[in-house]
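Side chains are part of it too, since the values below use all heavy atoms of this structure and drop only hydrogens, waters and symmetry mates. Letters A, B, ... mirror the listed sequences (proteins, then strands); counts begin at 1.
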Amino acid sequence: MKIRKIGTAEEKIELQMTPMIDIVFQLLVFFVMTFKVVVREGDFNIRMPAASAASSAVEDFNVPIKVQLKAGLGGTISDIIIDDQESLREAAANKNQMYELLSLRVAEYKEETSVGDFASELEVEFDTDYDLRYEEQIRAITAVSGRYDAEDNLIKLADKIKFKDTTN
Amino acid sequence: MKFKQVADTGDDSADLTPMIDMTFQLIAFFMVLINFTNAEASDEIKLPDSDLARPPETIPDFRLLLGVESNGKIIAGGRIIDKASLLKPTLDREIDNARGMRVERTKIKVIIRAHRDAKMGQVQEVMQACRDVGLEDFTFRVKERPRRSSGGRFG
């Protein structure tokens, strides 16, 4: 029986480059196309237990600060009313100041209710107009959740954020 | 003067090794950076930004992602739902899934990704629909903004 001679030592094994480069470029194009710059995202937690569920007595200790957000033209903020009493529109020259004031008021309230080093647990309840843009709501939530002092340190304000029940 | 003759191997093909090196480098780079975790997040939704939002510290046992587009349409479970009142079947299905993973409905984290121009009322309708089926842990997802660029944006 004759055995066919397979390539001798002198015969160089030729690597087929073309298909490999084809595939490699395919992969490259795929990854380039699907590449998306990752934006860091953060969260604001909102806890809203069902209305009927016995809202525990512990929660009733703190009366939440009621913040009403009034929508103006095009869903922008037109007024912020704290605890049905103070309207921030007159006091503030523009929108930025309105949020700044809101933050300040919440900070004052927190200071008043805190005893010594024991910071009070603060709850804010929003009552927002239907048409208000989500972006404005986030600005308001940002304003009540914390503020930066002169040295750029973060002071935490409201610990809990909820929304007024729309059902009742 | 004599010149040394450059080795003539007889084939004119260019040396491919550096190119393949580079290409593999690029592939490795993009492969490492790609992340599919947010594949479910719609590109249509432009999140508002805030300098106080922090990335979540704990990973919830079960998360339910709800997108609200600027026109009020809701993205849930990979499909588009016209209004919040039609959300219940999707929510029920997700709660079933969670139960399969032994997560109670009160422990489900509802992540709301709303477009910055969406109306707050629409977002609240979505939240109400969730509360009607017993979900209570909500979170608003926003884009993180570096501290220094804050202020004066909306003037």
Side-chain angles (χ1 to χ4, degrees), chain A residues 15 17 20-21 24-25 27-28 30-32 34-51 53 69 71 75-77 94-96 99-100 126 128-139 141-143 145-148 152 154 156 161-167, chain B residues 13 16 19-20 23-24 26-27 29-31 33-36 38 41 43 47-56 68 70 106 109 111-125 127-128 130-132 134-144 147 150-155:
Chain A
L15 200 66
M17 276 303 186
M20 188 180 85
I21 292 171
V24 166
F25 276 139
L27 282 171
L28 186 62
F30 170 75
F31 284 115
V32 170
T34 49
F35 180 69
K36 212 168 64 184
V37 184
V38 187
V39 251
R40 279 165 61 82
E41 291 179 355
D43 283 346
F44 283 116
N45 286 320
I46 287 149
R47 249 195 115 72
M48 288 180 74
L69 303 177
T76 55
I77 191 98
N94 58 34
K95 263 169 46 175
N96 281 333
Y99 288 115
E100 189 58 35
F126 282 106
T128 310
D129 275 2
Y130 190 95
D131 283 332
L132 193 80
R133 287 169 65 218
Y134 180 65
E135 187 174 46
E136 303 277 5
Q137 176 72 60
I138 292 297
R139 288 199 74 192
I141 292 178
T142 308
S145 1
R147 57 186 284 112
Y148 287 95
D152 225 20
L154 176 66
K156 284 210 158 211
I161 288 157
K162 63 176 190 176
F163 287 91
K164 195 184 172 205
D165 255 317
T166 41
T167 42
Chain B
S13 66
L16 288 175
M19 188 184 83
I20 291 168
T23 321
F24 276 139
L26 283 173
I27 289 181
F29 171 76
F30 284 112
M31 250 174 98
L33 280 188
I34 201 169
N35 74 336
F36 291 106
N38 270 344
D43 286 334
L47 297 176
D49 45 17
S50 163
D51 48 15
L52 281 181
R54 291 282 167 272
V68 182
S70 54
T106 50
K109 192 152 207 94
I111 299 170
I112 295 177
R113 302 179 90 253
H115 192 283
R116 55 175 71 153
D117 293 335
K119 286 177 179 161
M120 203 44 217
Q122 291 161 340
V123 178
Q124 276 186 285
E125 279 170 5
M127 288 170 78
Q128 191 55 51
C130 293
R131 294 178 70 196
D132 288 344
L135 302 170
E136 54 184 52
D137 195 0
F138 297 94
T139 180
F140 284 164
R141 180 139 293 178
V142 299
K143 218 162 63 191
E144 273 183 62
R147 166 81 184 112
S150 65
R153 259 203 67 180
F154 308 102

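- We find the CE-CZ distance between B:M120 and A:F163 to be 3.5 Å, quoted to the nearest 0.5 Å.
- Contact annotation: the side chain of B:M19 approaches that of A:I21 to within less than 4.5 Å [non-hydrogen atoms, C-beta and beyond].
- For a residue to count as touching a neighbouring chain, one of its non-hydrogen atoms must lie under 4.5 Å from one of that chain's; by this rule A:L154 touches chain B with the side chain only.
- Going from atom OG of B:S70 over to atom CD of A:E135 covers 12.0 Å, rounded to the nearest 0.5 Å.
- Closest of all the heavy-atom pairs between B:D51 and A:Y148 is O-OH, 3.7 Å.
- The CD atom of A:E41 sits 11.5 Å away from the CG atom of B:D49 when rounded to the nearest 0.5 Å.
- The shortest side-chain heavy-atom distance between A:M17 and B:I20 falls under the 4.5 Å cut-off.
- Using cut-offs of 30° and 60° on the angle between ring planes, the pair A:Y134 and B:F140 is perpendicular.
- Under the 4.5 Å side-chain criterion, counting only non-hydrogen atoms from C-beta, A:Q137 is not in contact with B:V123.
- When side chains are defined from C-beta on, A:I138 does not count as touching B:L47, because their heavy atoms never get closer than 4.5 Å.
- The choice from A:D131, A:D129, A:L69, A:T76 that makes the most heavy-atom pairs within less than 4.5 Å of chain B is A:D131.
- Side-chain atoms of B:F24 and A:L27, non-hydrogen and from C-beta on, never get closer than 4.5 Å to each other.
- No side-chain donor-acceptor contact under 3.5 Å links A:Y130 and B:Q124.
- Using a 4.5 Å heavy-atom cutoff, the side chains of B:L33 and A:F31 are not in contact.
- For A:L28, the parts lying under 4.5 angstrom from a heavy atom of chain B are both the backbone and the side chain.
- Looking at A:I141, the atoms closer than 4.5 Å to chain B (heavy atoms on both sides) all sit in the side chain, from C-beta outward.
- Both the backbone and the side chain of B:Q122 come within less than 4.5 Å of a heavy atom in chain A.
- Rounded to the nearest 0.5 Å, atoms CG (B:L52) and CG (A:D43) are 13.0 Å apart.
- Using a 4.5 Å cut-off between heavy atoms, B:L16 touches chain A through its side chain atoms alone.
- When heavy atoms are compared at a cutoff of 4.5 Å, B:I27 approaches chain A by way of both its backbone and its side chain.
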